[in-house]
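Every chain is numbered from 1, with letters handed out A, B, ... down the list of sequences. Here the structure is a predicted model, which is why all the values come from computation and not from measurement.
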Amino acid sequence: MELKIHNSLSKKKELFEPITPGYVGMYVCGPTVYGEPHLGHARPYITFDVLYRYLEHLDMKVRYVRNITDVGHLEDELAGEGEDKIAKKARLEKLEPMEVVQTYTNSFHDKMDRLNTKRPSIEPRASGHIIEQIDMIEKIMANGLAYEVNGSVYFDIHEYSKSHKYGELSGRILEDLVAGAGNERRELAAQSDKKNPEDFALWKNAQPEHIMRWPSPWGVGFPGWHLECSVMSEKYLGKTFDIHGGGMDLLFPHHECEIAQAKAATGINPVKYWMHNNMITINGKKMGKSLGNFITLTEFFAGSHDFLEQAYSPMCIRFFILQAHYRSTVDFSNEALIAAEKGYKRLINAKGILSKMEHPGNEVAKDAAADEAIQKLCVRAYDHINDDLNTAQVLAELFEVSSKVNAYQNKQLDIAELSKATFDKMKQTFFTFFTDILGLLDESGSTGDDGSMDGVMNLLIDIRKTARENKDFATSDKIRDSLNELEIQLKDGKEGTTWVKN
RNA sequence: GGACGUGUGGCCGAGUGGCUAGGCAGUGGUCUGCAAAACCAUCUACGGCGGUUCAAGUCCGUCCACGUCCUCCA
């Protein structure tokens, strides 16, 4: 079975076939760096990190481009006095705009690193591509699909619609946008320079007080909202590339406009597969900037938010997100996160056992049925990831392995029921998926001095063992309880006692 | 108002026509000095109504509820 992904353009799962065999160009919309990254940001970057990892696992050469938006988003364009978000924040904090950008870029990188997302191949900034953006605007104008008014340039959707289909991605019909009943804002927009309210800005004339500004053929200004992604994806991935990802909330208008811009400039459909992750909700509502109901990743990691009952580690967050399919909404709650944390620890525990586990070496399985079940499980793991990245199902398979591994460890099952080959395959599959593809790390306190810690623990376990043999349960329980208070848990198994730091 | 989507057991969450999802929590058991851990077993489901079908959580219709987008947002 080969990789299938859901294409938002066709609204179907499609077999993934790179434009150039063996090579994949992937563009994912990055953050606008004017605030601390929150839980909602974790979703797309973890989702596409898994895709990135999996494509590499399939031996594809992937160029993963993810931008940093450090210019261009208007705060309130409807009132006709739009202010760049970066610029506004800069004034509030009395910082240089680029200082704001750097601060939040650093924070974004830090949080993404902690979530164990691999950094993209190229991370271009909008402000570094002003020339290219001007260049694309000129191409669109040359094709008669944009017009200049008072130092601003707008995309002419009506003209574009004569030769192209606007709305192919979002399923929107131009007439609906125009007619848009109950949308008073359209009337406000109509007061602007646009020929039609549906037209969107490619270049905006900068008012004198506007800090972030660049010269252009149309005067001093700044690029429009949707242009950067078109420009940077084309620059680094070509006029047409394989995968474009992002949150569903970007589907319209952002991605619709990207398609229009690219087609208007080059005549070519820019993206083969559009992929959109769904939102994280809190109390059933989308967590986001606009509703102000977001919890930052810093707050999650520290547990420093009224809504949070405890701190949640980066891997807990990652696991939580991977437990749901990326195209479903996932509702945040303390209960759900605590469940995720426990599930994650269960897998980590199994992983630790599995890494040390040895197989007796029999080439023939003692239990053919059990052996076959594991073989099938290993195949299913791939089937699931191939099925539009069904990480939830992959995790379910890993849990199955965990139960087996625990049973082997405790001699509840005989590991020789599996052949050596099957055991090795199970081990390899588990590690490949857990570590390489799902990108889950063991964050349980390996703090460098494992050597002495192991020695101390072995000593305590040994003393306790002697005490238990002498029926001195007061001593043995004291050791166990005291260690528990230090968040070290002892596990008494048939093969002796092991310990784990919580 | 328009476009799209969702509604699964105590909680989270897979699953798209017949085959145990899984995790967390609960219950019973095995193991244990006791417990924990682990394993085994087990309970609680597919929003309402109607239809198609030998068979529907899964398809169709309808109603209800909720969400996303239509304005910056991952």
Side-chain angles (χ1 to χ4, degrees), chain A residues 11 28-32 34-35 37-45 47-48 72-78 82 85 167 170-173 175-177 179-183 185-186 188-189 198 225 245-254 276-281 284-291 294 319-320 323-325 327-344 346-347 349 353 384 390-400 402-413 468 471 473 476-477 480-481 484 489-494 497-498 500:
Chain A
K11 294 185 171 57
V28 174
C29 288
T32 304
Y34 67 101
H38 59 76
L39 182 62
H41 290 106
R43 187 105 193 253
Y45 305 129
T47 297
F48 292 105
H73 284 302
L74 293 177
E75 184 99 311
D76 186 12
E77 70 90 23
L78 298 167
K85 279 191 173 170
S170 60
R172 267 162 232 276
I173 299 162
E175 286 68 35
D176 291 343
L177 290 172
N183 198 343
R185 284 160 175 150
R186 289 285 169 219
L188 280 173
E198 308 76 58
W225 327 329
M248 266 183 193
D249 49 352
L250 297 179
L251 197 142
F252 188 90
H254 184 57
H276 291 95
N277 63 275
N278 217 317
M279 300 294 107
I280 288 179
T281 58
K285 290 236 164 62
K286 173 186 163 186
M287 181 183 285
K289 284 258 198 294
S290 48
L291 287 174
F294 60 91
F319 182 90
F320 171 68
Q323 260 196 314
H325 187 92
R327 285 192 294 108
S328 301
T329 56
V330 57
D331 197 52
F332 154 81
S333 67
N334 279 288
E335 215 178 349
L337 274 181
I338 289 167
E341 181 178 52
K342 289 185 180 172
Y344 161 71
R346 184 172 159 80
L347 289 182
N349 183 46
I353 292 169
H384 293 316
N390 197 329
T391 54
Q393 290 280 32
V394 171
L395 285 171
E397 302 295 347
L398 297 189
F399 277 113
E400 297 290 324
S402 296
S403 292
K404 289 285 183 186
V405 166
N406 284 324
Y408 296 140
Q409 168 78 358
N410 292 332
K411 308 294 177 193
Q412 288 149 327
L413 287 174
R468 290 176 70 197
K471 309 261 187 226
F473 298 124
S476 72
D477 287 352
R480 183 214 284 161
D481 296 343
N484 240 326
Q489 188 188 13
L490 293 181
K491 298 180 179 182
D492 295 327
K494 287 216 171 92
T497 302
T498 56
V500 64

Whole angstrom value for the distance that separates P of G13(B) from CE of M279(A): 15 Å
Nearest-nucleotide pick for L250(A), side chain only, options being A38(B), G22(B), C73(B): C73(B)
H276(A) NE2 to C4(B) P, straight-line distance once rounded to whole Å: 16 Å
Interatomic distance at C1', A65(B) relative to C59(B), whole Å: 22 Å
Side-chain donor/acceptor contact of Q412(A) with base of A38(B) under 3.5 Å: yes
Phosphate OP1/OP2 of U68(B) contacted by T329(A) side-chain N/O (<4.0 Å): no
N410(A) CG - C31(B) C1' separation (whole Å): 9 Å
Intermediate values then yes/no, side chain to side chain donor-acceptor pair (under 3.5 Å), S328(A) and N278(A): CA-CA 5 Å; S328(A) 301; N278(A) 217 317; over 6 Å; no
Interatomic distance, L490(A) CG vs A36(B) C1' [rounded to whole Å]: 9 Å
Inter-nucleotide C1' distance (C24(B), U6(B)), Å rounded: 23 Å
Any strand: nucleotide that pairs with U58(B) via Watson-Crick or wobble, under 3.5 Å: none
S402(A) or R468(A), whichever maps to the more 5' nucleotide of RNA chain B: R468(A)
P spacing across the pair A37(B) / U27(B), given as an integer number of angstrom: 13 Å
Distance, C1' atom - from A14(B) to U58(B), rounded to whole angstrom: 13 Å
Selection from A36(B), A74(B), G23(B) that lies nearest to any side-chain heavy atom of Q323(A): G23(B)
Flag, side chain of S402(A) to backbone of L398(A), donor-acceptor distance under 3.5 Å: yes
Pairing partner of C31(B) (Watson-Crick or G-U wobble, both distances under 3.5 Å): none
P spacing across the pair G13(B) / U52(B), given as an integer number of angstrom: 35 Å
Any K411(A) side-chain N or O less than 4.0 Å from OP1/OP2 of C39(B): no
Gap between atoms CZ and C1', on R327(A) and G13(B) respectively (whole Å): 15 Å
Ring-base stacking, F473(A) with G33(B) (5.5 Å, 30° cut-offs): yes
Donor-acceptor under 3.5 Å (N277(A) side chain, R327(A) main chain): no
Complement of C46(B), any strand, by Watson-Crick or G-U distances under 3.5 angstrom: none
Distance under 6.0 Å and angle within 45° of ring axis: R346(A) vs F399(A): no
Y45(A) side-chain proximity, nearest of C24(B), A74(B), A14(B): A74(B)
Separation between CD of Q323(A) and CG of L395(A), rounded to the nearest 0.5 Å: 6.5 Å
Sugar-phosphate only, base, or nothing, as touched by I280(A) at under 4.0 Å among non-hydrogen atoms: base
Closest to side chain of T32(A), choosing from A14(B), C73(B), U68(B): C73(B)
Under 4.0 angstrom between T281(A) side-chain N/O and U68(B) OP1 or OP2: no
From CZ (F473(A)) to CZ (R480(A)), nearest 0.5 Å: 10.0 Å
Paired nucleotide for G10(B) [Watson-Crick or G-U wobble; both distances under 3.5 Å]: C24(B)
Other residues, nucleotides, ligands: >12 heavy atoms within 6.0 Å of K11(A) NZ: yes
Candidate nucleotides A37(B), A74(B), A14(B), ranked by approach to the side chain of Q489(A) - the nearest: A37(B)
Base of G33(B) paired with side chain of D492(A) (donor-acceptor, under 3.5 Å): no
D249(A), nearest nucleotide to its side chain (from C69(B), A38(B), C72(B)): C69(B)
Sugar-phosphate, base or nothing in reach of D477(A), heavy atoms under 4.0 Å: base
Sugar-phosphate only, base, or nothing, as touched by E400(A) at under 4.0 Å among non-hydrogen atoms: sugar-phosphate
Reported CD1-to-OG1 distance for the pair I280(A) and T329(A), which is rounded to 0.5 angstrom: 10.0 Å
Touch class at under 4.0 angstrom, heavy-atom based, for V330(A) against every strand present: sugar-phosphate
Nearest-0.5 Å distance that lies between atom OG in S170(A) and atom CG in L250(A): 12.5 Å
OP1 or OP2 of A38(B) under 4.0 Å from side-chain N/O of R346(A): yes
Value in whole Å for how far the C1' atom of G26(B) lies from CD of E335(A): 13 Å
Spacing of the C1' atoms in U30(B) and G48(B) (rounded, Å): 45 Å
Test item: H41(A) side-chain N/O and H38(A) main-chain N/O as donor-acceptor pair under 3.5 Å: yes
Candidates C69(B), G22(B), C24(B) - which lies nearest the side chain of A396(A): G22(B)
Side chain of W225(A) (C-beta onward), nearest among A36(B), A74(B), C72(B): C72(B)
Separation of atom NZ in K285(A) from atom C1' in G67(B), rounded to whole Å: 9 Å
Contact under 4.0 Å: N390(A) side-chain N or O vs G15(B) OP1/OP2: yes
Rounded interatomic separation in angstrom, taking CE from M248(A) and P from C4(B): 14 Å
P atoms of G5(B) and G61(B), separation to the nearest Å: 12 Å
Sugar-phosphate only, base, or nothing, as touched by T47(A) at under 4.0 Å among non-hydrogen atoms: nothing
5′-ward residue of the pair G343(A)/P253(A) relative to RNA chain B: G343(A)
Rounded distance in Å between the P positions of C4(B) and C43(B): 41 Å
For G67(B), the Watson-Crick or wobble partner whose two distances fall under 3.5 Å: C4(B)
Nucleotide opposite C19(B) in a Watson-Crick or G-U pair, distances under 3.5 Å: none
Nearest-nucleotide pick for H325(A), side chain only, options being A14(B), A36(B), C72(B): A14(B)
R480(A) (side chain) and A35(B) (base): donor-acceptor pair under 3.5 Å: yes
S403(A) side chain near C39(B) phosphate (N/O to OP1/OP2, under 4.0 Å): yes
Touch class at under 4.0 angstrom, heavy-atom based, for K11(A) against every strand present: nothing
Which nucleotide in C72(B), G33(B), A74(B) has an atom nearest any side-chain atom of S476(A): G33(B)
